[in-house]
Protein chains: 2
Amino acid sequence: MSETPKPADSLSGPVRPHHHGNLRQALITASIQLLDAEGASGLTLRKAAARAGVSHAAPAHHFAGLPDLLTAVATEAFALFTGAMREARQGAGDDPTARLEGICRGYIRFANDHAGLFHVMFLAADVDRSNPTFLSTSETAYAELRLACLPFSRQAPDPDQQLEIAVWSLVHGYAVLGFGACDPKGFTPTPRPDFNGLLRRLVLPAGAAD
Amino acid sequence: MSETPKPADSLSGPVRPHHHGNLRQALITASIQLLDAEGASGLTLRKAAARAGVSHAAPAHHFAGLPDLLTAVATEAFALFTGAMREARQGAGDDPTARLEGICRGYIRFANDHAGLFHVMFLAADVDRSNPTFLSTSETAYAELRLACLPFSRQAPDPDQQLEIAVWSLVHGYAVLGFGACDPKGFTPTPRPDFNGLLRRLVLPAGAAD
DNA sequence: GGGCTTTCTTGACACTGTCAAGATCCGGAA
DNA sequence: TTCCGGATCTTGACAGTGTCAAGAAAGCCC
């Protein structure tokens, strides 16, 4: 609040250097913090700049504009997302069904815990989703899901693309519609349906899901 | 007649309260047109007001704020959405599978053709999804899907809530991830998977989907 | 007609992204 | 070392946004 600007001739002390050092990464980190703290609408170029300790126009030298920053944020978020799914998979044991369930649990939990990030990753209109770096990072996340689908392929040992799409759509829809959220969106029925039951219904033979 | 152009709806004949008649409805209609024409970010209070032919602050007397307008727009959009699904259902014949496929086709087509509206309906952060009118309208849309799921219930003739959630999540995820879009989002695999195959895999006994 | 309410306009404010111009500082060349 | 180019950051401005306050215009009821 009491922001006393330092005199120009103060030689010693932690004066912020004119060159930040790694402002690009600092802006991405600040953006992620803002999204986590304030939701999808909490990210602003000026707020990210302020959080990184630079003036409001400084980001222009590292990002062509807000869409460019959003694309970088979405890319980094997909890396975090992959990590979350991977961690959930590793904690789920070796059984194929448990592993796929674990990954989906990680997927849903990430969507709930980082709703702002998730919105930027999948929904923000001005993210350039044809950006090569973004594409490769998001496909890494998709590969995590695909790998876990492999044991359930109907063309085993070849991948079953139809199943991959079905699982991805199912878990994404479940997460986005808020069925797994602690704070449901409004039209969530009660009792809240467990995702694993839905998943088994898709990947296991009929009758084995119960 | 030197009459100003009428707003979209005419409730009670020629008697119109002078100035602009039903500005509230005109603003909702203008908002929907803006969303359809310019996408999710095309809707602005000021642009909607301009399109309705009033000054930028006029909407304040009909909507508490932008979130309130968005809630009204989302509510009206859900009515259109229900109509689209219903129409697709009626054009699909009497077979239960064809009927469910038809509804899902309507779901996906609406999401693609009205991406801006769809965004407001399901994703816009500041829509009040606990609004009673919104709730009842959105639940009418859900009921359309639920009814079509009934023939596939495992507890027939009682509804199978798990299946309803699964189908809803599946079709929503498929639509949102852009698998059915003409202009895919970027990570869409090729060849584009047909939704009906995914759906049959969920609702029919294993082996019957091929 | 006189008052009252609703409806709409005008004007202002803080906030946003973006651009232009200038200040500052790093790194390499002379 | 000194000097200069260019990268980096700041300041200031602009149009656009949502929202609020104050005032004008029109309908309604007495």
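In what follows, chains carry the letters A, B, and so on, assigned in the order in which the sequence lines appear, proteins first and then strands, with residues in each chain numbered from 1.
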Going 5' to 3' through nucleotides 3-12 of chain C, assign each nucleotide B (protein heavy atom under 4.0 Å from a base atom), S (under 4.0 Å only from sugar-phosphate atoms) or - (no protein heavy atom that close). ----BBBBBB
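Residues passing the side chain to side chain donor-acceptor pair (under 3.5 Å) test with B:Q33 are B:R51, sequence neighbours excluded. For B:N131, there are no side chain to side chain donor-acceptor pair (under 3.5 Å) partners, not counting sequence neighbours. Remark: A:L80 pairs with A:I32, A:F110, A:L117 by the side chain to side chain contact (heavy atoms under 4.5 Å, CB included) rule, at least two apart or across chains. Contacts of B:E144 classified as side chain to side chain donor-acceptor pair (under 3.5 Å), with partners at least two apart in sequence or in another chain: B:R86, B:R89.
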For a quick test of your reading: what N or O donor-acceptor pairs under 3.5 Å do the side chains of residues 55-68 of chain B make, sequence neighbours left out?
residue	atom	partner	partner atom	Å
B:D68	OD2	B:A64	N	3.0

Give the table of side-chain donor-acceptor pairs shorter than 3.5 Å for residues 35-49 of chain B, with sequence neighbours excluded, one pair per line with atom names and distance.
residue	atom	partner	partner atom	Å
B:E38	OE1	B:K47	NZ	2.8
B:K47	NZ	B:G42	O	3.3

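Residues B:F179 and B:I108 have side chains not in contact (no heavy-atom distance under 4.5 Å, counting atoms from C-beta outward).
Atom CG in B:L34 sits roughly 11 Å away from atom P in D:dT17 (whole-Å rounding). Atom CG of A:L69 is separated from atom C1' of C:dT16 by 14 Å (rounded to the nearest Å). At whole-Å resolution of the value, NZ in A:K47 and P in C:dA14 are 17 Å apart. Here the P atom of nucleotide C:dG17 and the CG atom of A:D68 are 14 Å apart, to the nearest Å. Atom CG of B:L27 is separated from atom P of D:dG18 by 12 Å (rounded to the nearest Å). Rounded to an integer number of Å, the gap from A:F63 CZ to C:dC19 C1' is 18 Å. We find that CG of A:D126 is positioned 11 Å from P of C:dG17, with the value rounded to whole Å.
Residues from residues 35-43 of chain B with heavy atoms under 4.0 angstrom of DNA chain C: there are none.
A salt bridge (charged side-chain N to carboxylate O under 4.0 Å, His left out) check over residues 106-127 of chain B, counting only residues at least two apart or in different chains, returns nothing.
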